[in-house]
Protein chains: 2
Amino acid sequence: MSDPTGFAPHDHHACVSTALAAAEAACAERGARLTPLRRRALEILLESHKALGAYDLLERLAAEGLGDKPPVAYRALNFLTEQGFAHRIERLNAYVACSHPDAAEGHGAAFLICRDCGRVAEALADKAPLGADAQDAGFTVEDAVVEARGLCPQCQSGAGA
Amino acid sequence: MSDPTGFAPHDHHACVSTALAAAEAACAERGARLTPLRRRALEILLESHKALGAYDLLERLAAEGLGDKPPVAYRALNFLTEQGFAHRIERLNAYVACSHPDAAEGHGAAFLICRDCGRVAEALADKAPLGADAQDAGFTVEDAVVEARGLCPQCQSGAGA
DNA sequence: TAGCACTCTGTTATAACGTAACGGCCACGC
DNA sequence: GCGTGGCCGTTACGTTATAACAGAGTGCTA
C-alpha cells in the first residue's frame, strides 16, 4: 500500500505545485485543455486536503469573477474528475484534489475521511476490494469506491483541526 | 467471504419473509417499534434487490395513503438504516433492504451495483478494507463503505434486467 | 476570407435530494 | 388526570445537480 497523504505534516506548497505540474503535463499529453477556469478550480481544491462542495467551489470562483452559476462549477469538476485530477467523495457530496497525480489514470481510490476536521486522505487501492466476493457472484467490477469515516491522528489526540 | 445475494435466482418470497421476520424479532428484542409505516417501507424495499430513491419510496407509500411528504420517507429510511434493516447506497442516493438481517448489527457492508439492471448485491465485508493504510496513517476507521459498480452475471450475458 | 466545426463558457430554469421546525395524536406510566 | 415520550403530518426551505440553449473563441479549409 502507498502512503495515505493528507494528515501528516508535509510541504504543502510542493504538494500543490507537483499536482498542478502533473495536471499540465497530463493535459499536454492527452490533448486536453487545462483552461484558466479549470486550472483555478484545481488550485482551489488543492489549497487544502478537505473536500469541497460544488457550491463552495463555485463561491470561490465567483469571488474571482470566474463564473457564478452552478453548471460552471460542475463542468469544471467533471473535467477534473474525468482526467483523474480530482475525486468525488460520495459520502460528502464533495470533491477533493487527487493526491496521486502520477498514478495510473482511473486508479482505484480509497479515502480516509476525518469526521472532526474534515480532511481527506487518499490511499491507492492497488488490489480491488471485493475481488473475491465479486468473483463468487460472477460480477464484473468496473469501478469501486472505498470511503472510510473516522478520526485522523491529530483529531484523536485532541488537536482538533 | 459470504455469498453476495441478489443476482442469483433465489426464492424471493422466502427472502422477503425471512427479512421481515428478522426485523420484527430484532425490534422486539431492542424495544424498537416496527410501526405499520416502517414495516411497509421495509416491505417495499424488499420487493426487489434494486436501490430505491427516497422519493420513489415516498411515491409508493403515498399511493397507499401512508404519507406523501418527504420527511415521512426520510424518517422511515432513517429508522430502517439505524436498525440495520436497510442500507444507503451513497453512489446512487438510494436505499436497499439489508440482505443479511441475521448478521451483526452495524456490520461492514460492501455493495455490488449493476449499472445495467440496477440490482444491488450485498456482501459482508468481514475484514475492514483499508486496515493497513489506515493504520499507516494513524487513522481510526469507525465506519467504511465499499461500493463497486459493474455488470452482474445476467447483464454480462446480454440478458438485460 | 468566408464559412464551418468544435470546444468552452454564460445563463435560465428546473429537477432531485434532504432537513429544520412546529404541532397534533396516541400510548404508557404515575 | 396528566405529564412524558415517540411517532406522524405538515410547512417551508436548503442543498445538490442537470437539461437546454445562447454566445464567444479557435482553428481548419475550401
Side-chain angles (χ1 to χ4, degrees), chain A residues 23-24 27-28 30-42 44-45 50-83 85-96 113 118 145 147, chain B residues 23-24 26-42 44-45 50-83 85-96 113 118 145 147:
Chain A
E24 273 172 1
C27 282
R30 296 172 201 164
R33 293 170 55 191
L34 191 63
T35 63
L37 176 60
R38 292 167 173 174
R39 184 192 164 94
R40 187 65 193 125
L42 178 55
I44 289 170
L45 288 184
K50 299 188 185 179
L52 213 55
Y55 281 72
D56 294 328
L57 171 63
L58 181 57
E59 199 175 329
R60 298 288 308 274
L61 291 172
E64 303 176 20
L66 283 168
D68 60 346
K69 304 296 193 305
V72 171
Y74 283 102
R75 281 194 290 238
L77 288 167
N78 283 345
F79 174 83
L80 296 175
T81 53
E82 273 166 15
Q83 298 294 324
F85 304 151
H87 301 287
R88 176 178 166 83
I89 308 296
E90 300 288 347
R91 295 184 82 159
L92 304 178
N93 294 333
Y95 305 79
V96 280
I113 306 160
V145 302
E147 296 177 3
Chain B
E24 273 170 3
C27 283
E29 187 184 337
R30 295 173 204 163
R33 294 169 55 190
L34 191 62
T35 63
L37 176 61
R38 292 167 173 177
R39 185 192 163 92
R40 187 64 194 124
L42 178 54
I44 289 169
L45 288 183
K50 298 187 184 178
L52 214 54
Y55 281 72
D56 295 328
L57 171 63
L58 181 58
E59 198 176 330
R60 298 287 309 274
L61 292 172
E64 304 177 19
L66 285 168
D68 61 343
K69 305 292 191 307
V72 171
Y74 282 101
R75 282 195 288 238
L77 288 167
N78 282 346
F79 174 83
L80 296 175
T81 53
E82 273 167 14
Q83 298 293 325
F85 305 150
H87 301 288
R88 175 177 166 83
I89 307 296
E90 300 289 346
R91 295 184 82 160
L92 303 177
N93 294 334
Y95 304 80
V96 281
I113 305 160
V145 303
E147 296 177 2

Upstream residue (5' side of DNA chain D) when P36(B) and N93(A) are each assigned their closest nucleotide: P36(B)
When the nearest nucleotide of DNA chain D is assigned to G53(A) and to R38(B) on a heavy-atom basis, which residue is associated with the more 5' position? R38(B)
Rounded to the nearest angstrom, tell me the gap between atom CZ in R40(A) and atom P in dT9(C). 15 Å
Nearest of dT11(C), dA17(D), dG9(D) to any side-chain atom of V72(B)? dG9(D)
Check whether any side-chain heavy atom of E59(B) lies under 4.5 Å from a side-chain heavy atom of D68(B), and answer yes or no. no
N78(B) CG to dC8(D) P: how many Å, rounded? 12 Å
Taking the side chain as every heavy atom from C-beta outward, state whether Q83(B) and L42(B) have any pair of such atoms under 4.5 Å apart. no
Taking 4.0 Å as the cut-off, does a side-chain nitrogen or oxygen of K69(A) come that near to OP1 or OP2 on dG10(C)? no
For R33(B) and R88(B), find the nucleotide of DNA chain C closest to each by heavy atoms; which residue's nucleotide sits nearer the 5' end? R88(B)
Nucleotide nearest L37(B) (side chain, heavy atoms from C-beta), chosen from dA19(D), dG18(C), dG9(D): dG9(D)
So what does F79(A) touch, heavy atoms closer than 4.0 Å: a base, only the sugar-phosphate, or nothing? nothing
Figure out the CG/P separation between D56(B) and dA15(C), and round it to whole Å. 16 Å
Ignoring hydrogens and angles, tell me if any N or O in the side chain of R38(A) forms a donor-acceptor pair with the backbone of F79(A) under 3.5 Å. no
What is the separation between atom CZ on R91(A) and atom P on dT15(D), rounded to the nearest whole Å? 21 Å
For the side chain of R75(B) and the base of dG9(D), is some donor closer than 3.5 Å to an acceptor across the two? yes
Between L58(A) (CG) and dT18(D) (C1'), how many Å, whole number? 14 Å
Between the base of dG18(C) and the side chain of Y55(B), is there any donor-acceptor pair under 3.5 Å? yes
Between dG18(C) atom C1' and L52(B) atom CG, what is the distance in whole Å? 16 Å
Whole-Å distance, Y95(B) OH to dA16(C) P, equals 16 Å
At what distance, to the nearest 0.5 angstrom, does CG of L57(B) lie from CZ of R40(B)? 9.5 Å
Provide, to the nearest angstrom, the distance between the CG atom belonging to L34(B) and the P atom belonging to dC7(D). 11 Å
Which nucleotide wins on minimum distance to the side chain of Y74(A), given the candidates dA17(D), dA19(D), dC8(C)? dA17(D)
Say you draw a straight line from CG of L61(B) to NZ of K69(B); how long is it, rounded to the nearest 0.5 Å? 13.0 Å
